[in-house]
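Just so we're clear, the structure is a prediction, and the values are computed from it rather than from any experiment. Reminder, nothing fancy here: chain letters follow the sequence lines and each chain counts from 1. Note that these values count all heavy atoms, side chains included, but never hydrogens, waters or copies made by symmetry.
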2 protein chains.
Amino acid sequence: MSTADRLIESTRELLWERGYVGTSPKAIQQRAGAGQGSMYHHFTGKPDLALAAIRRTAEEMCAKAEELLSAPGTAMDRVAAYLHRERDALKGCPIGRLTQDPDVMADPALRAPVDETLAWLRERLARVLEEGRERGELDAALDPRATAATIVATLQGAYVLARAAGSVRPFDQAITGVLGLLTAHVRPTE
Amino acid sequence: MSTADRLIESTRELLWERGYVGTSPKAIQQRAGAGQGSMYHHFTGKPDLALAAIRRTAEEMCAKAEELLSAPGTAMDRVAAYLHRERDALKGCPIGRLTQDPDVMADPALRAPVDETLAWLRERLARVLEEGRERGELDAALDPRATAATIVATLQGAYVLARAAGSVRPFDQAITGVLGLLTAHVRPTE
DNA sequence: GTCTATATCAGGATAGAC
DNA sequence: GTCTATCCTGATATAGAC
């Protein structure tokens, strides 16, 4: 892995663990095993490096979600697979957490990938639900867009609850709860 | 308002806007119109002041929730009232956001009120749902604890979506969505 | 490309005068 | 109780040598 890559990976980890405001160039360099000069040779500064890191994380996240949501199976199966996918609940969402970072939200360039990722995810889930409705798997009364927003929000909020509690328990409960609520909208197979 | 009170109020605002890591003693003092000496006279340092601020915010939040959740009406009415209560979605939750602050999570004293508030809220909502079930308002199949976790998570996550989008739209959709899902569990009145 | 030196400013606090 | 002076460290870079 090149030095530039190691710098990006270290930044990704630190942004996840400590956020943008809580991450210093020095900490990034140390974790990457790179010197100051090296970092400022490859990147113009902290925002530039953060942008590269955030973009990479955003892409990975969308790719992973797309894989699960475009798999074969009913809409409900795919949503459940997405929600049950392996996650480190206590670490939180590497994209969602940036939403609480004042300096990220203040910089349009840094904010854009965060906005786009979450918007894409809602949109993608809405399409899955819409498909389920069209196929008659799901109740016609179910609002795809609103429900998609609820699913993404539940996931994001479940991370918050897990971190507050220092336990995955409330995370699992929130996921169980939303899937339970959704189940009531699954139409019986003929 | 006393100087100590102004310091606490300024800290509450700044913690909400910028988080713990992003809030400096100097910024607190300036907003409160107090000098350094004044701040260090009333509080031992930033963590001490933050603790006072977080506790006050936590208490207010629980009091507000209790007011709405203990009001007369069906379980569904009260949950809806709580979810629809006036909120500045773009500002996020002043308690939930602390969950993303590494220094807050690392300090047991600062973390405790965050943990307790969110745990209490889940518990309180679970009781409301349980009551609804006992009264026959809600479907017996509904799991009160899991559903309560889902409701709190949806709210917390809805803030994340609103902030990412820079719009209250996804917040409203998430709330609409979860209430829609819940509605399917309301039993018809005899 | 990477290193070391240097610079500036902010964070977070202490000390002692008033 | 509040103010000012002072202190030390870390954040975020720039400059120039190697």
field: Given D:dA11, D:dT2, C:dG12, the nucleotide with the shortest approach to the side chain of B:Pro25
entry: C:dG12

statement: Closest to the side chain of B:Tyr40, out of D:dA13, C:dT14, D:dT12, is C:dT14

[Y]/[X] salt bridge by N-O under 4.0 Å criterion:
X: B:Asp5; Y: B:Arg56; value: yes
X: B:Arg31; Y: B:Glu13; value: yes
X: B:Arg145; Y: B:Glu123; value: yes
X: B:Asp139; Y: B:Arg133; value: no
X: B:Glu9; Y: B:Arg12; value: yes

Grab the [atom1]-[atom2] distance between [X] and [N] for me, whole Å please.
X: A:Leu49; N: D:dA11; atom1: CG; atom2: P; result: 15 Å
X: A:Phe43; N: C:dG1; atom1: CZ; atom2: P; result: 13 Å
X: B:His41; N: C:dA17; atom1: NE2; atom2: P; result: 18 Å
X: B:Arg6; N: D:dG1; atom1: CZ; atom2: P; result: 14 Å
X: B:Asp103; N: D:dG10; atom1: CG; atom2: P; result: 14 Å
X: A:Asp107; N: D:dT12; atom1: CG; atom2: P; result: 14 Å
X: B:Lys26; N: C:dC9; atom1: NZ; atom2: P; result: 11 Å
X: B:Lys46; N: C:dA10; atom1: NZ; atom2: P; result: 16 Å

- request: Measure from the side-chain N and O atoms of B:Arg122 to the backbone N and O of B:Ala148, and report whether any donor-acceptor pair falls under 3.5 Å.
  value: no

List, with names and distances, any nitrogen or oxygen atoms from the protein found under 3.5 Å away from nitrogen or oxygen atoms belonging to nucleotides 3-8 of chain D.
{"unit_1": "D:dC3", "atom_1": "OP2", "unit_2": "B:Gly35", "atom_2": "N", "d": "3.1"}

message: Counting the atoms with a prime plus P, OP1 and OP2 as sugar-phosphate, which does A:Thr23 contact under 4.0 Å by heavy atoms, base, sugar-phosphate, or nothing?
response: sugar-phosphate

